[in-house]
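The analysis underlying the following values was restricted to heavy atoms, covering all of them including side chains, and did not include hydrogens, waters or symmetry mates. None of the values given here were measured: they were computed from a predicted structure.
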Amino acid sequence: MMPQVPKDGSAEVTKGCGPLIPPLSEITRPLRQQVFDRVRAAGQIPRVQLAKELGVSPASVTTATQELMEAGLIEEVSVLREGDQGRGRPAVALGVRPDAHRVVGMKLSDREHTAVIVDFAGRLIADDTIPRRPDVMDLNSLLDATETLLDRVCAKAGLSRSDLSAVGLGVPGFVDSSSGRVFWSPVLTARDVALSSAATQRLGLPVIVDNDANLVTLAELWFGAGRRLSDFAVVTIEHGVGMGYVINHRIYRGFTGLGMELGHTKVQLDGALCRCGQRGCLEAYVADYALAREATTALNWTNKEGQSISILLESLYDHAKAGNTAARSIFRRAGRYLAVGLSNVINIFDPELIILSGERMRYDYLYANETLAEIKNLAIATGKPLPPIEIHAWGDLLWAHGAAALALSAVSEDRLLPGRELAAQ
């Protein structure tokens, strides 16, 4: 997914990171920011190509790149011309200075906490994972876990906190990234928590907070299948159901920053109880706790109530694979509700691609042929093909990579846009 830093310290041709925006498609942002974003996305790019893609004069590009070099954000790199085979003087291209900044990305969940450290070019330096028991925490306990994870991943990277520029932090639930507030999360006991401010004070670093489904979307936008797409959706299915959406190469959060809560759209009036406290949410029929709840009742597993949800789901899946009718019907029902949710996404947004991600994608019943056929029946019939649906069953480090992209974006804007201030409080 993300390019590694060579262990021998040698130079490598980076593939770049960030959205790959088509040439001549952006004119509203400052030229310096457009130049930097294209350098970062390309990995290495000559000045003449920058001028061509941006539709500006070479002199304008030279001025902008000189400012970026003086700010220590980009540098000149030597690249061999095609066909040179090591002979003659190498060409000069521009690349992001990897050591200009380093950021941490973290995901805090109800089962494990994960973290990565990446350099300014998006290359992975170190990662770490801390398993935990699935229960809620008060704010101080969550901050303790965050600090422990930060110190551990820094130790692996051989870095101190002073070597870092920002922390991206993701949690499940209702999060307003712009204010850094968490209005509800299944990992926190309290509601309406100023998590960004509290974590910034505890860690002594700027902390940017976002919903964990948005992190997966950012990971796909910066490092994965979404880099070249202008509009796509990511639906995550784990202990909950989340969604992130990209419009015109940028993640969309809604007017109040709390949009795209697909898991809490209603699919059944007065239906099953959701962990958010309301009834009839899509999540209450598709998420892992919903499947475990159904299995306990349908299969009369009252003797297994003390077991973890993960063990219950593995047992349910094994029974379904072995042909147990009740077990198969539980997955089939969940798949039908998922089809309702995904068809609504298609009907409302018309995305170029839908990516299904998360640990539950290992359970292929959720996206069996019957489910895909149901989506086709529920989507608007226009005669045009439906958007492709891809399964990306990444591990939890993907979420941390998205948090790192969140931090990289914040640091970049802080350095490039006047009036921005990203600093530890």
Side-chain angles (χ1 to χ4, degrees), residues 1-26 29-103 105 116-125 165 218-230 249 401 404-405 407-416:
M1 175 186 157
M2 293 182 66
Q4 303 280 340
V5 175
K7 293 182 178 180
D8 60 2
S10 61
E12 73 167 7
V13 177
T14 178
K15 297 179 180 178
C17 67
L20 291 165
I21 301 174
L24 304 179
S25 61
E26 286 195 313
R29 295 187 303 148
L31 178 61
R32 190 169 71 154
Q33 187 179 17
Q34 294 183 56
V35 168
F36 177 80
D37 287 348
R38 287 191 175 275
V39 171
R40 180 171 55 195
Q44 295 176 346
I45 186 171
R47 288 179 175 84
V48 64
Q49 185 176 344
L50 273 173
K52 181 179 180 181
E53 291 189 2
L54 293 172
V56 298
S57 68
S60 297
V61 167
T62 298
T63 299
T65 56
Q66 185 62 35
E67 292 176 357
L68 292 170
M69 292 173 67
E70 291 175 357
L73 301 180
I74 66 173
E75 61 187 1
E76 290 185 335
V77 292
S78 298
V79 293
L80 292 177
R81 295 184 178 89
E82 187 176 353
D84 276 359
Q85 298 179 346
R87 298 190 301 272
R89 185 177 180 180
V92 174
L94 298 169
V96 171
R97 265 192 60 200
D99 60 352
H101 296 280
R102 302 175 187 88
V103 302
V116 298
I117 295 180
V118 302
D119 64 22
F120 205 39
R123 299 182 302 178
L124 179 64
I125 298 174
S165 298
L218 282 170
E220 294 287 1
L221 177 64
W222 277 62
F223 306 110
R227 292 192 68 199
R228 295 182 180 276
L229 303 180
S230 63
H249 304 281
H401 284 141
L408 283 174
S409 179
V411 171
S412 301
E413 291 187 0
D414 175 60
R415 301 302 186 269
L416 294 169

Subject >> Derivation of the side chain to side chain contact (heavy atoms under 4.5 Å, CB included) call for L94 and Q44 >> reply: CA-CA 5 Å; L94 298 169; Q44 295 176 346; over 6 Å; no

Subject >> Derivation and outcome, side-chain hydrogen bond (donor to acceptor under 3.5 Å, both in side chains), residues R40 and S412 >> reply: CA-CA 10 Å; R40 180 171 55 195; S412 301; 2.6 Å; yes

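A distance of 5.0 Å separates CG of D119 from CD1 of I125, quoted to the nearest 0.5 Å. Distance check: L20 CG to D37 CG gives 11.0 Å after rounding to the nearest 0.5 Å.
The heavy-atom pair separating P19 from A41 by the smallest distance is O-CB, 3.4 Å. Taking every heavy atom of both residues into account, A407 and V103 meet most closely at CB-CB, 3.7 Å. Residues G72 and A100 approach most closely at O-CB, 3.3 Å, considering heavy atoms. Nearest heavy atom pair, residue R29 against residue Q34, reads O-NE2, 2.7 Å. Of all heavy-atom pairs spanning F223 and A405, the tightest one is CE1-CB, 4.1 Å. Considering all non-hydrogen atoms of both residues, V35 and A64 come closest at CG2-CB, 4.0 Å.
With sequence neighbours excluded, the residues that form a side-chain contact (heavy atoms from CB on, under 4.5 Å) with E75 are V77, R97, P98. With sequence neighbours excluded, the residues satisfying side chain to side chain donor-acceptor pair (under 3.5 Å) with S60 are S57. Under the rule for a side-chain contact (heavy atoms from CB on, under 4.5 Å), the partners of T62 that lie at least two apart in sequence or sit in another chain are R47. Take Q33 and apply the side chain to side chain donor-acceptor pair (under 3.5 Å) test, not counting sequence neighbours, and it matches no residue.
Put simply, the residue from L408, D414, V411 that forms a side chain to side chain contact (heavy atoms under 4.5 Å, CB included) with S165 is V411.
Side chains of L416 and L73 form a contact here, defined as non-hydrogen atoms less than 4.5 Å apart. Looking only at side-chain heavy atoms (C-beta outward), L124 and H401 come within less than 4.5 Å of each other. In this structure, H249 and S230 have side chains that are in contact, with non-hydrogen atoms separated by less than 4.5 Å. Put simply, the side chain of C17 does not reach to within 4.5 Å of the side chain of R123, judged on heavy atoms. Annotation: side chain of V118 is not in contact with side chain of R102 (no heavy-atom distance under 4.5 Å).
Pairs of residues two or more places apart, or lying in two chains, that qualify as salt bridge (charged side-chain N to carboxylate O under 4.0 Å, His left out) and include a residue from residues 52-61 are R38-E53. Residue pairs meeting the ring-ring contact (aromatic ring centres under 6.0 Å, His included) criterion with at least one partner in residues 35-67, sequence neighbours excluded, are F36-F120.
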